[in-house]
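Letters go in sequence order (proteins before strands), and every chain restarts at 1.
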Amino acid sequence: MSGAFTKSMARNIFYGGTVFFFLLFLALSFDTLSQLPKRDMRANMTPQIAEGKKLWETHNCIGCHTLLGEGAYFAPELGNVVVRYGDEGVKAFIQSRPKEGIPGRRSMPQFNFTDEQLNAIVAFLKHVNSINTNNWPPNSQG
Amino acid sequence: MINTLKNPANRAWIVLMIATGITWYLGEIGAAGTAAIVAMLLIAFVKGRLVILDFMELRAAPLMWRVLLEGWLILVSSLILIAYWISLK
Amino acid sequence: MNTIALDPAEHHVKRLPGDLAIWFFILAEMVAFAVFFSSYAFARAKNVEMFNLYQQTLDRNLGALNTLLLITGSWFVVLAVQAAHRDDQKSISRNILFGFLCGGGFLTVKVIEYAAKFGAGISLSTNTFYMFYISLTFFHFMHVILGMVILAVLWKQSRDGAYGAHNAHGLESGAAYWHMVDLLWIVLFPLVYVMR
Amino acid sequence: MQYKSQAVAKPYFIAAIGLFVGQILFGLIMGLQYVLGDFLFPAIPFNVARMVHTNLLIVWLLFGFMGGAYFLIPEESETELFSPKLALIMFWIFLVAGAATIVGYLAVPYATLAELTGNNIIETMGREFLEQPLPTKVGIVAVALVFLFNITMTVLKGKKTAISLVLLIGLWGLAVFYLFSFYNPANVVLDKFFWWWTVHLWVEGVWELILGSFLAFVLIKTTGVDREVIEKWLYVIVTLTLISGIIGTGHHYFWIGTPEYWQWWGSIFSALEPIPFFAMTVFAFNMVNRRRREHPNKAAVLWALGTGVMAFLGAGVWGFLHTLAPVNYYTHGTQITAAHGHMAFYGAYAMVNLMIISYAMPILRGRAANSNRSQVLEMWSFWLMTVSIVFITLFLTAAGILQVWLQRVSDTPLPFMVAQDKIALFYWMREWAGVAFLIGLIVYITSFFVSGEEKAS
C-alpha cells in the first residue's frame, strides 16, 4: 500500500492552490498596472482619441480586423495601419468603400463617416500604433 | 552524540549546512567557469538528494516516487548545465 | 484515512509518506519551477555579460543565510514527523513551531533584501536578469508563505493532539510540501546568486 | 428521472441545440465569405455574421451549462430544485433576450443598435465576444444571478458533494468574471488587459470547472466507479487547471502593451496548461476501463471519452503549438489562432454539453437510454462532427502556417490580402469540412426522432 489518497486532502489543495495562484496573478497584475503608464502612452490621451475608440467599437471593426493581433482574422491588422497607408491614406480608404461592395472580393461597408469622425478614427489608430507592444507586429504588413 | 548521528535527518542537516557554506565560499572567492559551475551543481545535486531521501523520507518510498523526484533533480541540473555550457562556448 | 505509520524500514513496506494528492501538487509545482529554472539558464546563455554583471549586485550573504534557515526549518519539521511516529506529543508541536520560526526568519531576511532592491528602483521591468531574480524569488517567497500557513495549521492541530504514531498522515503531507520549498531554494540559491 | 424538477433542464437543452444549429449556419456563411468575399454583402457583412456565430456559441453553451446544472444539481443534492418555476421563467427571459439580440445584430447596423440600446450610458459594446448591447449584458447578469441563487439554494438545502461544489465555483466564477465586460476604459491597453479577465478566465479557468464536474457526474453514472475515486480525481484535475490557467492568462499579454515579463510568465504557465487536459483524458479512459456496469447509454460514454481527447488536442496541443512567446510573435492574430479556437471550443465545451445532453435527454424523456438505432445514429453524428472539426482545424492550421510564412516571416512580406488570396484553397477545403460538420449536426438532431426498442428507465 503506497500512501493514502484522501478526498479532503485533494479538496484542501484545490482551495489552497487556487487562492495561491490567484493571489500571485493579482500581484503580477498590480505590477503591470503600475508599469502601464510608461507603455500605453496615456499621457497623450485626448477626447478625440476616445471618440475614435468609440467609433471603432460602435462599428464593430474588430468583427473583421485585428487590433494588436486581437479580433477577427478576415481583414488586415490595424494597429499599424497608419504606418502602411499614412493618415490620409487611411481616411481615403475608409471613404472610398463602395456601398454595394466589390464584386467577388472581401468588402468593407461604407460607414458614411464625417470628416471629424474620420479624424477621430485616425487619431485613435495612431495612438494604438504608439503603444509599446514589444516590437509586435514583426513587419509593417501586420 | 553518536545517538544523535544515528538519525539520518541529523546527518543530512549537518551535511546540508556545510555544503551551503561551501557554495557561499565559492561565491566569495569569485569562483567562475566550468569547474566552479560543475562543483556548485554537484553540491546542489547532493543537497537536493539529501532533502528528497532523508527529509521527504522517500528512501523507503515506492521506486516510482523516488525516480520522479530524483529524476527532477537530474533533469534540472542537466538543463542548467547544458545552458551554462552553451554560454561558455 | 489512517495509514500505517510504523517505521517502514523495519517492516519492509514501501510506503509514500503523506497523501498522494499532495505529491501530485508537489510534482506540478516542481515542473513549473523546473521550466522557470531552465528558462533562466537559457535566457542567461543569450546574455551572459548582463547576467554576470547584475548577479554581482545580489546579496550572497543573505541568500546563504536564507538557505541555512530553510534547511534548518526543514530539519525541525522532520524531527516533528519523527516525534509523531514515536508519539512524543510535546516534541511534535515544538518542532513545528521551530520550523515555522525558521520560515519567519527567511521571510524577514528576504524582505530586507527586497527593500534594498526595490529601494534602488529595481523592478520586474528593469532588465531580464532582475525580471528573473524577482520572479523566481518572489514565486518562491509565496511558497514559503504558503508553507508557513500549512505549518501554522499543523501546529494548531498538533497542539490539539491530532497527530501520533497511528495518525501522521496530515503531518507528513504538510511536511512534504515544506521540504519541497526547501528543495527548490537549494537549486535556486546557487543558480541565481552564485553560479557564473 | 429521480427528481421531478430535473425536467426544467429539457427546454434548456432543446434551446441549446437550436442555437447550435444557428451558430453552424452562420459559420458556413462566414466560411463562404472567406472565399467569395461579397457573399451576402451588404445585407450580412462578415463582422455581423461573425458576431452572430460567436455570440450564438456562447449563448448555446450557457444554455447547456444551465440545463446541465438544473439536471445535475437535484440528483447530486438529493433534493428537488429550490424553484423549478424560477428556472422556467429565466429560461424564457434568456431565450427572448438572446433572440432579440441576434435579431438586433441582423436587422439594424451595429452603430444604430448601439445608439438605440443605450451604449452611450456605459460604453461596453464592440469588443470581441462582448458585443452584446447593454440591456442584454444586464440581462445576462440578472439571469445568471437568479440561476445561481436557485442552484445555490438547492445545494444548501441538500447534500453537498464535490461535484456540486466544483460546479458551483465554476458557475459563480462565470458570473463574477463576466462583470469585467462592463469595464471599458478609453485606454485601449487597460481595456484589453481586463477584457481577458472575462474571456481567458472563462474558457481557461472557471468553465473548465464546469466541464470537469459534468464529466465526473456522467462518469459516475455510466461507469459505476466509486464516487470517492472520481471526486478525488476531479479535485486533482481542477487544481491543475487553475494553477496553470490563472497565470496562463499571461500568454495574452505578450503584445498588447503589457510589460515584457509576461512573455516569460505567460509562456511558462501556459506551457503547463496541456497537463490538466491530458489528466482529464487519462481519467476518463481509466474510469471507463474500470467500469463496474454496462450502462445502456453508449453514446453518452462516447461523448465523455471524446471530450477528453478533443479538449486535450484542441486546447492542449493546439494551444501549446503557439503559446510560447517567440512562436506567438509570428502566429499572433493569424489563422493558427482560429484553428486552435475551433478545436478547443468544440472539444472542450461543445462536446461536454453534447455529453450531458446525450446522458440526460433520454432520462428526461422517460427512458434510461435511447434505442439502439437512435444511438447508432448519434454515434455517427459524433464521428462526423468530430472528424469534420479535425479537418477544419488542420486546414486552418495549414492556412495559418502559410499566412505566417508569407506575411510575417518572409524577407519580402506580402500584404494581408495578397497572402489571403494565396491560401484560398485551404479556405475552400475548410468550408467543405464545415458542410460535413453541418451534416453531422443534422444526423445528430435526427437521432432524437428515431424510435425503436427503448430501454426502460
Side-chain angles (χ1 to χ4, degrees), chain A residues 5-7 10-11 13-14 17-18 21-22 24-25 28 31-32 35-36 39-40 42 45 49-50 53-54 56-64 66-77 99-107 109 111 127-128 131-134 136-139 141-142, chain D residues 33-34 36-38 41-42 45-48 50-51 110-111 114 119 123 125-128 131 162 186-190 192-193 228 231-232 235-236 238-239 242-243 246-247 249-250 253-260 262-263 265 329-330 332-335 337-338 407-408 413-417:
Chain A
F5 182 11
T6 63
K7 195 161 81 183
R11 185 193 58 221
I13 293 171
F14 167 60
T18 303
F21 278 91
F22 195 72
L24 184 60
F25 181 59
L28 286 169
D31 180 84
T32 297
Q35 294 293 324
L36 278 188
R39 309 176 54 98
D40 62 17
R42 68 183 63 178
M45 179 60 73
I49 294 173
K53 180 168 185 276
K54 189 180 173 189
W56 163 271
E57 284 165 358
T58 51
H59 292 80
N60 196 21
C61 305
I62 204 104
C64 293
T66 51
L67 189 71
L68 304 185
E70 293 172 359
Y73 320 112
F74 186 73
E77 162 69 27
K99 208 170 160 26
E100 295 302 316
I102 308 164
R105 304 288 301 167
R106 295 185 195 175
S107 306
F111 290 114
H127 176 72
V128 173
I131 291 168
N132 179 352
T133 56
N134 299 327
W136 196 90
N139 63 58
Q141 298 299 350
Chain D
Q33 287 174 333
Y34 254 92
L36 304 175
D38 62 341
F41 191 89
F46 181 86
N47 61 349
V48 173
R50 184 178 196 263
M51 187 162 60
Y110 192 68
N119 190 52
E123 290 167 26
M125 289 172 72
R127 292 170 305 147
E128 197 184 4
E131 296 95 345
N187 183 331
V188 71
V189 179
L190 274 180
K192 283 172 177 290
F193 185 82
E228 202 56 24
E231 291 192 330
K232 275 190 296 210
Y235 274 132
V236 170
V238 292
T239 309
L242 292 183
I243 66 179
I246 294 175
I247 309 271
T249 315
Y253 295 160
F254 296 164
W255 327 112
I256 61 166
T258 33
E260 223 163 312
W262 284 109
Q263 293 180 25
W265 282 94
Y329 183 66
Y330 292 103
H332 179 54
T334 63
Q335 296 298 325
T337 319
Q407 188 192 319
R408 295 260 171 90
L414 297 178
F416 178 89
M417 274 314 299

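- A donor-acceptor distance shorter than 3.5 angstrom exists from the side chain of D:H332 to the backbone of A:L68, with no hydrogens or angles considered.
- For the options A:L24, A:I49, A:V128, heavy-atom pairs under 4.5 Å to chain D are most numerous at A:L24.
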request  = Output, in order, the C-alpha distance, side-chain angles, deciding distance and verdict of side-chain contact (heavy atoms from CB on, under 4.5 Å) for D:V188 and A:W56.
outcome  = CA-CA 11 Å; D:V188 71; A:W56 163 271; over 6 Å; no
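- Using bins of under 30°, 30° to 60° and over 60° for the plane-to-plane angle, the ring pair A:F74/D:F46 lands in the parallel bin.
- With chain A as partner, the option from D:E228, D:E231, D:Q263 having the largest number of non-hydrogen pairs under 4.5 angstrom is D:E228.
- With hydrogens and angles disregarded, a donor-acceptor distance shorter than 3.5 Å links the side chain of A:W136 to the backbone of D:Y329.
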task = Decide yes or no on side-chain contact (heavy atoms from CB on, under 4.5 Å) for D:V189 and A:R39, but give the supporting numbers first.
result = CA-CA 9 Å; D:V189 179; A:R39 309 176 54 98; over 6 Å; no
task = May I have the step-by-step check of side-chain contact (heavy atoms from CB on, under 4.5 Å) for D:V236 and A:F5, ending in yes or no?
result = CA-CA 11 Å; D:V236 170; A:F5 182 11; 3.7 Å; yes
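- When D:A114, D:P42, D:A162, D:G126 are compared by the number of non-hydrogen pairs under 4.5 Å with chain A, D:G126 comes out ahead.
- Taking chain A as the reference chain and counting heavy-atom pairs below 4.5 Å, the highest number among D:L36, D:L414, D:N119 is found for D:L414.
- At a 4.5 Å heavy-atom cutoff, the contact between D:E123 and chain A is made by side-chain atoms alone.
- Contact annotation for D:E131: only side-chain heavy atoms (C-beta onward) come within less than 4.5 Å of a heavy atom of chain A.
- Between chain D and the options A:A72, A:G17, A:A50, heavy-atom pairs under 4.5 Å are most frequent for A:A72.
- When A:P76, A:P137, A:P109 are compared by the number of non-hydrogen pairs under 4.5 Å with chain D, A:P76 comes out ahead.
- Residue contact with chain A, scored on non-hydrogen atoms closer than 4.5 Å, involves the backbone and the side chain of D:R127 alike.
- Comparing D:Y235, D:F254, D:Y330 by how many heavy-atom pairs each has under 4.5 Å with chain A, the most go to D:Y235.
- Only the side chain of A:K53 comes within less than 4.5 Å of a heavy atom of chain D; its backbone N, CA, C and O stay farther away.
- Contact of A:I13 with chain D is made through backbone and side chain together, with heavy-atom distances under 4.5 Å.
- Of the listed residues (A:I131, A:N132, A:T66, A:T32), the greatest number of heavy-atom pairs within a distance under 4.5 Å of chain D belongs to A:T32.
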task = Run the numbers on D:Y34 and A:Y73 for side-chain contact (heavy atoms from CB on, under 4.5 Å), then give the verdict.
result = CA-CA 10 Å; D:Y34 254 92; A:Y73 320 112; 3.9 Å; yes
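- Proximity to chain A is limited to the backbone of D:T334, based on heavy atoms less than 4.5 angstrom apart.
- Taking chain D as the reference chain and counting heavy-atom pairs below 4.5 Å, the highest number among A:E77, A:E100, A:E70 is found for A:E70.
- Heavy atoms closer than 4.5 Å to chain A are found in the side chain of D:P45, but not in its backbone.
- Ranked by non-hydrogen atom pairs under 4.5 Å with chain A, the options D:T249, D:L242, D:I247 are led by D:I247.
- In this structure, chain A has heavy atoms under 4.5 Å from both the backbone and the side chain of D:A186.
- Proximity to chain A (any heavy atom under 4.5 Å) is restricted, for D:M125, to the backbone atoms N, CA, C and O.
- Contact record, A:R106 with D:F416: NH1-CE2, 4.0 Å, taken as the closest heavy-atom pair.
- Heavy atoms closer than 4.5 Å to chain A are found in the side chain of D:F193, but not in its backbone.
- Heavy-atom distances place the side chain of A:N139, and not its backbone, under 4.5 Å from chain D.
- For A:T18, the parts lying under 4.5 angstrom from a heavy atom of chain D are both the backbone and the side chain.
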